[in-house]
Amino acid sequence: MSAVLKTSLATTSAGAGVAPIQELTDGFHLVIDALKLNDIDTIFGLPGIPVTDLCRMAQAEGMRVISFRHEQHAGNAAAAAGFLTQKPGICLTVSAPGFLNGLTALANATTNCFPMILISGSSEREIVDLQQGDYEEMDQLAIAKPLCKAAFRVLHAEDIGVGVARAIRAALSGRPGGVYLDLPAKLFAQTMDAAAGKKSLIKVVDPAPRQIPAPDAVKRALDLLKSAKRPVILLGKGAAYAQADADIRALVERTGIPYLPMSMAKGLLPDTHLQSAAAARSYVLAEADVVLLVGARLNWLLSHGKGKTWGTDKGSKQFIQIDISPTEIDSNVAIAAPLIGDIGSCVAALLAGIDANWPKAPADWTGAIAERKDKNLSKMAVTLAARPSPMSFQSALSVIRDQVKARPDAIIVNEGANTLDFARSIVDMYEPRKRLDVGTWGIMGIGMGFAVAAAVVTGKPVIAVEGDSAFGFSGMEVETICRYELPICVVVFNNNGVYRGTDINPSGTKDVAPTVFVKNARYDKLMEAFGGVGVHATTTDELQKALSEAVASGRPTLINAMIDEGAGTESGRIGNLNPQSAVKK
Ligand code: ADP
Ligand code: TPW
């Protein structure tokens, strides 16, 4: 039902009897109606001038409005919702400072190819453009532009439908990403005839059109794949986003090719799948002769596709790359067989050329991988079974690993350095799109925003596995979690600092070292402050009990898991990127 203001207007000449009722609508309602018309039912945001009433009215009109304590987390929630649902997540903020707080999330969403729309109220254009000092004055459109896929401003109520439609299309079509929509305060109060307003709205048809790959490109890819002696399929978060789960699994299984999931592609096939080569990753990357990339970029996370990691110092490697963005191809190394299109269509096209006679991946290759895998998994099993005191990252994560095995529908949110790196390899995922993490930038602060979004859009239990530093970036949102009674269990891996808690200030002044926090902090009390469950866990038994109770009950819970403060390594597994790492060694 569209929202209208029923206003009696004196549109008749004096004395002409009963005045006809003209139904009016306004900018507020047109924005809400435009979103709802496009099946967008949730707004993540933070109220204030000029969007407070927009939040209220959206709720009154049946939308879910999730109000945060800081816009960055509302923005992160919108981004995660976009990734999980293939609908742009909406983040709503006030002008200048609220907008800027949301901007990090918008830029991060764009970097990660997650569809979201940041909608910010803004000040009077006339005053902003003459720089006359309006309340929260800022040229927001200009600032947003370089940080997102597209940026639009709507000045007239009758253009709201077009503005929202363009924003949705820009966010979803081609490579997904962040879009900024600037709505000046004056727009919201503008009125227009309700029927004309309704007509002005656009329901976007086919916002992410399929892009069918060219037949010759498909043939080139198949020929190369067939010729491979040591092939590997590398699945990225683009493959998870694409929701072509059954075909991706069929591609892996029909060809018998070993596969490696990037962190957010874990669970596309269960990590326990026989063809998963994750436990032999270094061997496979270095030795493979043909690599099929499915929605994964050859960026820093994949050592740019060259060097020692890839064994390209010893010999050449050939790449097939499926991506929706043609300009991604050759961005780091030569791609022998680019396959441009949406992943669903590209994988389906490959499958059409892979019949029962397709030669399975050579047994000497898969056998060599299995051998290394078994060895590494047995080694890991010993580490996971150990019960040191205080807990190690591995012993605490073994508890989370068991919990996810018992509840494979639970969503894991993961950030930190060591906490991230260890969790990625220890915690097996069984279902697609159940793992959300720091993504392409390795950004800290996504934790509570992603967790809230995951709980809100899926209704499933969420376990946020957080380094203590990482948690601090969004920790105040535990109030949001309690307020909306979300089924989120936050596990803080508390090792008293950034990476670890043992650094010493060498200068002799009383300040602690820059990486050290208050020792033995009680993060659990933070959750208790808002009515949630707080647990201080010093053993794996305590952690296990609290975690399984939290997941079973769905009550907001924070477990302060005390980890050996000396256990972490600097920057986790990417210490080599520290400018002075060579000197330190
Ligand atoms: P990861 O970090 O997991 O390696 P990236 O974010 O680097 O993954 O890569 C994701 C890639 O997937 C991007 O290059 C993006 O263009 C691509 N992509 C996203 N959605 C689709 C889709 N539906 N079809 C094809 N490619 C897609
Ligand atoms: C927005 C730099 C990378 S990892 C990290 C920081 C500050 C925290 C590591 O400590 P934590 O984890 O969370 O306690 P652990 O398991 O090692 O003990 N600011 C932003 N993003 C990044 N990546 C940083 C700073 C960083």
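Residue numbers start at 1 and run along the sequence shown. Counting convention: from 1, in listed order, for ligands and their atoms alike.
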Does ligand 2 come near enough to [X] that some N or O of the ligand is less than 3.5 Å from an N or O of the residue?
{"X": "G442", "answer": "yes"}
{"X": "S469", "answer": "yes"}
{"X": "G416", "answer": "no"}
{"X": "A417", "answer": "yes"}

Identified side-chain contact (heavy atoms from CB on, under 4.5 Å) counterpart of I443 within the set T111, D437, T104: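 Answer to the side-chain contact (heavy atoms from CB on, under 4.5 Å) test with I443 among T111, D437, T104: T104.
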At a 4.0 Å cut-off, with the gap strictly under it, does some heavy atom of [X] reach an atom of ligand 2?
{"X": "G497", "value": "yes"}
{"X": "Y499", "value": "yes"}
{"X": "F422", "value": "no"}

At under 4.0 Å between heavy atoms, is it the side chain or the backbone of [X] that contacts ligand 2, or both, or neither?
{"X": "F473", "value": "side chain"}
{"X": "F393", "value": "side chain"}
{"X": "N495", "value": "side chain"}

Can a donor-acceptor pair be found, under 3.5 Å and without considering hydrogens, that links the side chain of [X] to the backbone of [Y]?
{"X": "N496", "Y": "V516", "value": "no"}
{"X": "R254", "Y": "I354", "value": "yes"}
{"X": "W310", "Y": "E287", "value": "no"}

Quick one: nearest non-hydrogen protein atom to [atom], plus distance?
{"atom": "atom 16 (O) of ligand 2", "result": "T419 OG1, 2.5 Å"}
{"atom": "atom 25 (C) of ligand 1", "result": "I343 CG1, 3.2 Å"}
{"atom": "atom 26 (N) of ligand 1", "result": "I324 N, 3.1 Å"}
{"atom": "atom 22 (C) of ligand 2", "result": "M444 CG, 3.6 Å"}
{"atom": "atom 13 (O) of ligand 2", "result": "A470 N, 2.9 Å"}
{"atom": "atom 23 (N) of ligand 1", "result": "A242 CB, 3.8 Å"}
{"atom": "atom 18 (N) of ligand 1", "result": "G238 CA, 4.0 Å"}
{"atom": "atom 14 (O) of ligand 2", "result": "D468 OD1, 2.6 Å"}
{"atom": "atom 7 (O) of ligand 1", "result": "R297 NE, 2.9 Å"}

Flag: protein heavy atom within less than 4.0 Å of atom 2 (C) of ligand 2: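 Not a single protein heavy atom is under 4.0 Å away.
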Under 4.0 Å from a heavy atom of [X]: give me the atoms of ligand 1 that qualify, with their elements.
{"X": "Y241", "value": "20 (N)"}
{"X": "R175", "value": "13 (C), 14 (O), 15 (C), 16 (O)"}
{"X": "M262", "value": "3 (O), 4 (O)"}
{"X": "N299", "value": "7 (O)"}

Candidate with minimal heavy-atom separation from atom 10 (C) of ligand 1, of G295, P326, G236: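 Selected option, by shortest heavy-atom distance: G295.
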Pick from D323, D437, T440: the one approaching atom 15 (C) of ligand 1 most closely through a non-hydrogen atom: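 That would be D323.
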We want to know whether [X] and [Y] form a side-chain donor-acceptor pair, criterion being a heavy-atom distance below 3.5 angstrom.
{"X": "D511", "Y": "N505", "answer": "no"}
{"X": "D428", "Y": "T272", "answer": "no"}
{"X": "S395", "Y": "R387", "answer": "no"}
{"X": "S331", "Y": "E328", "answer": "yes"}
{"X": "T85", "Y": "R433", "answer": "no"}

Indicate the atoms forming the closest heavy-atom contact of [X] with [Y], along with that distance.
{"X": "S120", "Y": "Y180", "answer": "CB-OH, 3.4 Å"}
{"X": "F68", "Y": "A77", "answer": "CZ-CB, 3.6 Å"}
{"X": "A240", "Y": "A265", "answer": "CB-CA, 4.3 Å"}

Ring geometry between F422 and F393 (parallel below 30°, tilted from 30 to 60°, perpendicular above 60°):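 Parallel: the ring planes of F393 and F422 meet at under 30°.
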Presence of salt bridge, D323 and R297, under 4.0 angstrom: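 Salt bridge absent between R297 and D323.
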Carboxylate-amine/guanidinium proximity below 4.0 Å for R424 and D421: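 Answer for the salt bridge query: yes.
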Close approach of G341 to ligand 1, heavy atoms, under 4.0 angstrom: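 Yes, that is the case, since the closest heavy atom of the residue is under 4.0 Å from the ligand.
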Validation row: H273, E253 side chains within 4.5 angstrom (heavy atoms):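 The answer is yes, as the side chains (C-beta and beyond) meet within the 4.5 Å cut-off.
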Geometric N/O contact K237 with ligand 1, under 3.5 angstrom: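 Between K237 and ligand 1, an N or O pair is found under 3.5 Å apart.
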